[in-house]
Amino acid sequence: PLKGPMTRIYAKNVGAAGRIYCDFQALSKRQIPIRQTSLIDGEPIAEIDIIASHPRMAIQKFHDQKIASTFYQDIADELNIFREKIKKFFQVALSSSNRDKARGGFKKDTNYDSYDFNAIEKWMRNNYPLVPLYQSLSMGFMNHEGTILKQVMLKGVEEGVVVLPIHDAIAVKQSDSQWGEEALKAAWKSFFGTDYCEVKVERPSNEKSITTLSKRYL
């Protein structure tokens with residue numbers, strides 16, 4: 001992961017998918033949290049994530065509204081449905097090409113049922129009726145994420161800040177976390193022309209740091 005390339009992977013056509021991938025991201029698949037507890041130049045990392053990235057893009061695009069950083073939890077509280085189910089619904093509803101596929105994806109390998117799927121769908125129709133569900137919107141949104149993260153990474157190169165991509169998030173040194181927040185929001189505004197981005201910063205404790213990344217390898 002220290003020497004692997006940065007690769008932007010599309011799905012069949014340019015403009016579909018297009019996130020940036022590297023070996024660093026794959027560390028999270030291990031049985032222990034190597035990625036989250038990595039070091040950059042001897043310093044623990046901070047992971048800075050765009051909150052509800054795809055619903056945020058969809059509602060911004062079709063309703064010109066900025067959703068709250070508590071978007072998933074707000075819906076969960078209103079419908080009395082677990083937050084994880086709310087998030088799962090948006091994952092499948094925005095990535096699937098039809099309703100049957102989305103409903104199947106919602107229920108696959110979970111104990112989720114059609115009742116919750118229908119309730120969340122109804123909430124979405126009532127509150128954001130212009131957003132077209134089941135139209136594979138996520139394919140384009142992933143491409144937007146790739147462009148935004150690329151812009152942040154290039155800014156890091158110019159300013160001497162190590163930036164590693166994690167799908168719709170970045171990893172930087174904890175001392176650079178404020179820089180990362182500002183850079184991610186600025187890239188969103190530059191790309192979309194709006195300041196509708198909200199981010200979440202996670203900082204693992206120093207005691208759990210177990211691996212080292214150095215910018216001399218990047």
Side-chain angles (χ1 to χ4, degrees), residues 1-11 16-57 69 71-72 83-84 87-88 90-91 94-95 138-192 196-206 208-215 217-218:
L2 306 183
K3 301 179 181 180
M6 301 289 177
T7 306
R8 196 164 183 184
I9 300 177
Y10 297 93
R19 280 177 168 174
I20 300 172
Y21 292 84
C22 65
D23 292 341
F24 174 71
Q25 296 165 336
L27 291 174
S28 62
K29 297 179 181 179
R30 305 284 182 87
Q31 292 182 345
I32 54 177
I34 296 176
R35 190 194 77 206
Q36 295 88 339
T37 53
S38 296
L39 305 178
I40 296 176
D41 291 338
E43 183 178 334
I45 67 167
E47 292 190 358
I48 306 170
D49 177 42
I50 300 172
I51 299 173
S53 177
H54 290 189
R56 185 171 302 279
M57 290 183 188
S69 59
F71 179 71
Y72 292 138
R83 180 184 181 279
E84 291 74 15
K87 185 174 182 179
K88 181 68 173 180
F90 282 99
Q91 287 175 344
L94 295 178
S95 64
S138 288
M139 297 300 287
F141 293 162
M142 286 190 286
N143 190 44
H144 299 340
E145 291 167 344
T147 300
I148 288 169
L149 262 64
K150 179 181 176 182
Q151 184 173 331
V152 174
M153 292 168 66
L154 291 175
K155 181 179 176 65
V157 171
E158 293 174 355
E159 300 183 13
V161 178
V162 180
V163 181
L164 296 170
I166 314 171
H167 304 305
D168 62 346
I170 58 172
V172 296
K173 292 188 293 187
Q174 289 191 9
S175 60
D176 291 325
S177 60
Q178 183 175 350
W179 180 96
E181 289 184 66
E182 294 173 354
L184 203 50
K185 290 182 177 181
W188 180 288
K189 185 174 183 179
S190 174
F191 185 79
F192 289 114
Y196 291 177
C197 185
E198 291 285 348
V199 300
K200 174 180 64 177
V201 182
E202 294 186 358
R203 300 179 179 86
S205 65
N206 295 2
K208 295 181 180 179
S209 298
I210 53 179
T211 59
T212 300
L213 297 173
S214 173
K215 61 186 174 185
Y217 294 117
L218 302 174

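Everything numeric here is computed off the predicted structure, so don't read it as measured data. Residue indices begin at 1 and follow the sequence shown.
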Under a 3.5 Å distance rule, please check whether [X] uses its side chain to pair with a backbone N or O of [Y] as donor and acceptor.
X      : Y     : value
Gln174 : Glu43 : no
Gln25  : Cys22 : yes
Gln91  : His54 : no

| If you look only at pairs with a residue in residues 143-157, which of them pass as a salt bridge (Lys or Arg N to Asp or Glu O under 4.0 Å), with sequence neighbours excluded? | Arg19-Glu145, Lys155-Glu159
| Taking Glu47 as the fixed residue, which of Arg203, Gln36, Arg35, Lys200 is the one that meets the side-chain hydrogen bond (donor to acceptor under 3.5 Å, both in side chains) rule? | Arg35
Where is the tightest heavy-atom contact between [X] and [Y], given as atom of each residue plus distance?
X      : Y      : value
Ser177 : Ile48  : O-CD1, 3.4 Å
Pro55  : Phe71  : CB-CE2, 3.8 Å
Ile45  : Ala171 : CD1-CB, 4.1 Å
Pro165 : Phe24  : O-CD2, 4.3 Å

Side-chain contact, heavy-atom cut-off 4.5 Å: [X] with [Y]?
X      : Y      : result
Asn143 : Tyr10  : yes
Leu164 : Met6   : yes
Thr147 : Arg8   : yes
Val163 : Trp179 : yes
Leu39  : Pro44  : yes

| task | Please work out whether the ring planes of His167 and Tyr21 are parallel, tilted or perpendicular, with thresholds of 30° and 60°. | result | perpendicular
| Parallel, tilted or perpendicular: which fits the ring planes of His144 and Phe192, with parallel below 30° and perpendicular above 60°? | perpendicular
| task | Measure the CD-CD distance between Glu198 and Glu181 for me, rounded to the nearest 0.5 Å. | result | 10.0 Å
| request: Any chance you could lay out the side chain to side chain contact (heavy atoms under 4.5 Å, CB included) test for Ile51 and Arg56, step after step, and finish with the verdict? | output: CA-CA 8 Å; Ile51 299 173; Arg56 185 171 302 279; 4.0 Å; yes
What side-chain donor-acceptor pairs closer than 3.5 Å can you find for residues 183-190, not counting sequence neighbours?
residue	atom	partner	partner atom	Å
Trp188	NE1	Gln60	OE1	3.0

